[in-house]
Number of protein chains: 2
Amino acid sequence: MPSRLPSSGPDGAAMPLDSKTLCLGALDAGFNTGYDIRKAFEEGPFRLYQSLSYGSIYPALNALLAEGLASCTEQVQDGRPDKKVYAITDAGRAALRAALTRYLKFDRLRSDFMFAIAFAHLLRHDQVSALLDDYAAGYRALADELGAESCDPPAGRRFLIDMGRDGCHAWARCIEAHRAALEEALRRDQDADAEPPPPRLAAIGGGG
Amino acid sequence: MPSRLPSSGPDGAAMPLDSKTLCLGALDAGFNTGYDIRKAFEEGPFRLYQSLSYGSIYPALNALLAEGLASCTEQVQDGRPDKKVYAITDAGRAALRAALTRYLKFDRLRSDFMFAIAFAHLLRHDQVSALLDDYAAGYRALADELGAESCDPPAGRRFLIDMGRDGCHAWARCIEAHRAALEEALRRDQDADAEPPPPRLAAIGGGG
DNA sequence: CTAACCATGTAAAACGTTACATGATTGC
DNA sequence: GCAATCATGTAACGTTTTACATGGTTAG
């Protein structure tokens with residue numbers, strides 16, 4: 001059985017990486033229990049780029065085991081459920097490599113903040129400013145968290161960390177670079193609304 | 001009936017904006033049919049920040065209509081199904097404003113490329129380079145597409161456009177700024193692997 | 001002649017998150 | 001005492017994507 005990893009459909013079209021592939025990657029990166037894998041996607045190196053929760057991880061791990069893409073040794077523990085320590089197999093590493101070599105789906109950003117800001121005209125000015133403050137602060141905080149990563153990772157992981165840090169900083173700077181224009185435009189629009197209707201009477205009277 | 005828009009759960013925790021809110025936003029922005037709304041999320045101003053497909057849009061539109069958050073006038077057409085032209089109502093605008101004022105879930109980036117690059121050590125160098133080329137090119141192309149947006153949009157939409165353009169350019173620059181380090185590290189690792197085993201024989205012989 | 005565009009809508013399938021169930025240990 | 005951490009796993013739930021159904025017009 002040729003252990004399929006459907007990150008590409010039957011036609012070869014780009015499909016998102018599936019949870020099995022993501023787990024295989026986490027395993028290769030040295031996260032070797034379901035619990036640790038979740039942390040890798042919640043707080044660890046993959047945090048910015050992918051997400052995965054228990055509900056996907058444990059079934060995926062069992063599937064990988066059944067397909068021979070991962071192996072598992074159980075460690076009996078006191079009080080807690082037995083710890084299952086997984087390792088990627090050679091077949092698993094081959095499958096991971098194959099999945100990463102297919103056409104990858106391009107990045108997708110989901111930003112409720114940016115969507116909200118599109119409707120700045122419906123919000124009060126102080127709400128818009130607060131939104132921008134929170135948003136920029138969020139990215140700065142993220143950048144700092146991501147920068148404080150484990151020392152001396154392999155080359156690929158180093159790239160992830162550096163990109164995450166600098167990319168988040170860049171986005172924050174971008175917000176700050178454009179907010180002045182937004183806030184000024186909003187003020188202008190408000191002034192235009194609040195202004196008493198322009199003295200058309202004169203024009204009308206003069207034109208008659 | 002107080003037309004709920006569940007972008008916040010019962011406890012007030014941050015939840016992603018739901019499809020009804022997104023449709024309300026599209027309606028407010030002047031996209032007034034299901035078909036046009038899809039284009040707004042596929043190619044239009046929201047393209048970078050949210051996604052929404054027919055399967056979500058048409059049911060959402062019908063729900064909004066039933067709740068009085070949108071109104072609809074049908075335009076009979078030749079051959080095609082009747083065109084339903086929607087408009088946001090005052091209640092709808094209030095609901096949109098309310099949804100955007102709740103706690104918003106922070107941005108989530110999904111990047112299969114970045115995940116793949118984390119495993120550069122499993123790929124051939126030319127594959128890694130091709131990946132980086134495609135990735136940077138993708139962001140540059142996106143930036144250019146986003147920059148070529150409709151003229152003179154309202155202030156909030158102007159912000160979206162400018163952020164999209166500059167943000168994508170910044171990310172592309174970031175890729176290019178860090179790729180040299182990655183590729184060099186990969187070369188170093190390969191050289192270390194390819195190097196003939198160090199002359200331990202001498203040491204062993206000398207020590208005997 | 002083929003592809004893309006216009007236009008709405010439904011149904012099924014795939015996928016993911018959340019909450020639940022369980023429960024000892026460690027730090028504040 | 002309370003919260004967090006460790007640790008696995010399932011079931012319900014909701015969302016999203018994809019395919020299907022229909023079909024005339026227009027541009028290359």
Side-chain angles (χ1 to χ4, degrees), chain A residues 4-11 13-23 31-44 50-66 70 72-86 105 108 110 112, chain B residues 4-11 13-23 31-44 50-66 70 72-86 105 108 110 112:
Chain A
R4 291 175 307 128
L5 272 173
S7 62
S8 146
D11 50 346
M15 294 206 71
L17 296 175
D18 69 306
S19 44
K20 286 199 293 183
T21 305
L22 296 178
C23 283
F31 301 91
N32 52 20
T33 67
Y35 191 83
D36 280 347
I37 290 174
R38 180 177 153 277
K39 283 212 300 188
F41 287 97
E42 202 80 7
E43 317 158 18
Q50 300 285 340
S51 66
L52 213 55
S53 51
Y54 288 139
S56 312
I57 294 169
Y58 287 114
L61 246 20
N62 286 324
L64 291 175
L65 205 56
C72 173
T73 53
E74 260 178 271
Q75 279 178 11
V76 182
Q77 288 196 139
D78 42 317
R80 299 180 228 274
D82 292 355
K83 188 177 189 170
K84 292 188 178 176
V85 179
Y86 291 86
K105 207 172 182 187
R108 160 131 260 137
R110 165 138 200 175
D112 290 356
Chain B
R4 291 175 308 127
L5 272 173
S7 61
S8 145
D11 51 346
M15 295 205 68
L17 297 174
D18 68 306
S19 43
K20 286 200 293 184
T21 305
L22 297 178
C23 283
F31 301 91
N32 51 22
T33 67
Y35 190 83
D36 280 347
I37 290 174
R38 181 178 152 276
K39 282 212 301 187
F41 287 97
E42 202 79 7
E43 316 159 20
Q50 301 284 342
S51 66
L52 213 55
S53 51
Y54 288 138
S56 313
I57 292 169
Y58 287 115
L61 246 20
N62 287 325
L64 292 175
L65 206 56
C72 174
T73 52
E74 260 177 270
Q75 277 178 11
V76 182
Q77 289 196 138
D78 44 317
R80 300 181 227 276
D82 292 356
K83 188 178 190 170
K84 294 189 177 175
V85 179
Y86 292 86
K105 205 171 184 188
R108 160 129 261 137
R110 165 137 200 174
D112 291 355

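For clarity, every value in this text was computed on a predicted model and none was experimentally measured. Chain letters run A, B, ... following the sequence lines, proteins first, then strands; residues in each count from 1.
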Roughly how far, to the nearest 0.5 Å, is [atom2] of [Y] from [atom1] of [X]?
{"X": "Ile37(B)", "Y": "Cys23(B)", "atom1": "CD1", "atom2": "SG", "answer": "4.5 Å"}
{"X": "Leu65(A)", "Y": "Lys84(A)", "atom1": "CG", "atom2": "NZ", "answer": "8.0 Å"}
{"X": "Glu42(A)", "Y": "Leu52(A)", "atom1": "CD", "atom2": "CG", "answer": "10.0 Å"}

When the distance from [atom1] of [X] to [atom2] of [N] is rounded to whole Å, what number comes out?
{"X": "Lys20(B)", "N": "dT16(D)", "atom1": "NZ", "atom2": "C1'", "value": "17 Å"}
{"X": "Leu17(B)", "N": "dG14(D)", "atom1": "CG", "atom2": "P", "value": "18 Å"}
{"X": "Glu42(A)", "N": "dA4(D)", "atom1": "CD", "atom2": "C1'", "value": "15 Å"}
{"X": "Ile57(B)", "N": "dT15(D)", "atom1": "CD1", "atom2": "P", "value": "15 Å"}
{"X": "Arg38(A)", "N": "dA4(D)", "atom1": "CZ", "atom2": "P", "value": "13 Å"}
{"X": "Ile37(A)", "N": "dC6(D)", "atom1": "CD1", "atom2": "P", "value": "15 Å"}
{"X": "Glu43(B)", "N": "dA4(C)", "atom1": "CD", "atom2": "P", "value": "13 Å"}
{"X": "Leu22(B)", "N": "dT15(D)", "atom1": "CG", "atom2": "C1'", "value": "12 Å"}

*Listed partners of Arg110(A) passing salt bridge (Lys or Arg N to Asp or Glu O under 4.0 Å), at least two apart*: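 Result, salt bridge (Lys or Arg N to Asp or Glu O under 4.0 Å) vs Arg110(A): Asp112(A).
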*Which heavy atom in Leu22(A) sits nearest to a heavy atom in Leu17(A), and how many Å separate them?*
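In this case the closest contact between Leu22(A) and Leu17(A) is CD2-CB, 4.2 Å.
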*For Ser56(B) and Ser19(B), which heavy atoms make the closest approach, and how far apart are they?*
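Looking at all heavy atoms of both residues, the closest pair is CB-CB, 4.1 Å.
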Given [N], is OP1 or OP2 found less than 4.0 Å from the side-chain N or O atoms of [X]?
{"X": "Lys39(A)", "N": "dC6(D)", "answer": "yes"}
{"X": "Ser51(B)", "N": "dT17(D)", "answer": "yes"}
{"X": "Ser53(B)", "N": "dT18(D)", "answer": "no"}

*Using the test side chain to side chain contact (heavy atoms under 4.5 Å, CB included), find all partners of Asp36(B) that sit at least two apart in sequence or belong to another chain.*
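Result, side chain to side chain contact (heavy atoms under 4.5 Å, CB included) vs Asp36(B): Phe31(B), Asn32(B), Thr33(B), Lys39(B).
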Atom pairs, protein N/O to nucleotides 8-12 of chain C N/O, distance under 3.5 Å:
{"from": "dT8(C)", "atom 1": "OP1", "to": "Lys84(B)", "atom 2": "N", "distance (Å)": "3.3"}
{"from": "dT8(C)", "atom 1": "OP2", "to": "Tyr35(B)", "atom 2": "N", "distance (Å)": "2.9"}
{"from": "dT8(C)", "atom 1": "OP2", "to": "Tyr58(B)", "atom 2": "OH", "distance (Å)": "3.1"}
{"from": "dT8(C)", "atom 1": "O5'", "to": "Tyr58(B)", "atom 2": "OH", "distance (Å)": "3.4"}
{"from": "dG9(C)", "atom 1": "OP1", "to": "Lys84(B)", "atom 2": "NZ", "distance (Å)": "2.2"}

*asked:* Please classify the nucleic acid contact of Arg110(A) as base, sugar-phosphate, or nothing, using heavy-atom distances under 4.0 Å.
replied: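 If one applies the 4.0 Å heavy-atom cut-off, Arg110(A) turns out to touch the sugar-phosphate alone, with no base involved.
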*Note the angle between the end axes of the helix from dC1(C)-dG28(D) to dC28(C)-dG1(D), five pairs defining each, rounded to 10 degrees.*
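End-to-end axis angle for the helix from dC1(C)-dG28(D) to dC28(C)-dG1(D): 60°, rounded to 10°.
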*Contacts of type ring pair (Phe, Tyr, Trp, His ring centres under 6.0 Å), residue Tyr86(B), not counting sequence neighbours*: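 None.
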_Residues in ring pair (Phe, Tyr, Trp, His ring centres under 6.0 Å) contact with Tyr58(B), at least two apart in sequence or another chain_ =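 Result, ring pair (Phe, Tyr, Trp, His ring centres under 6.0 Å) vs Tyr58(B): Tyr54(B).
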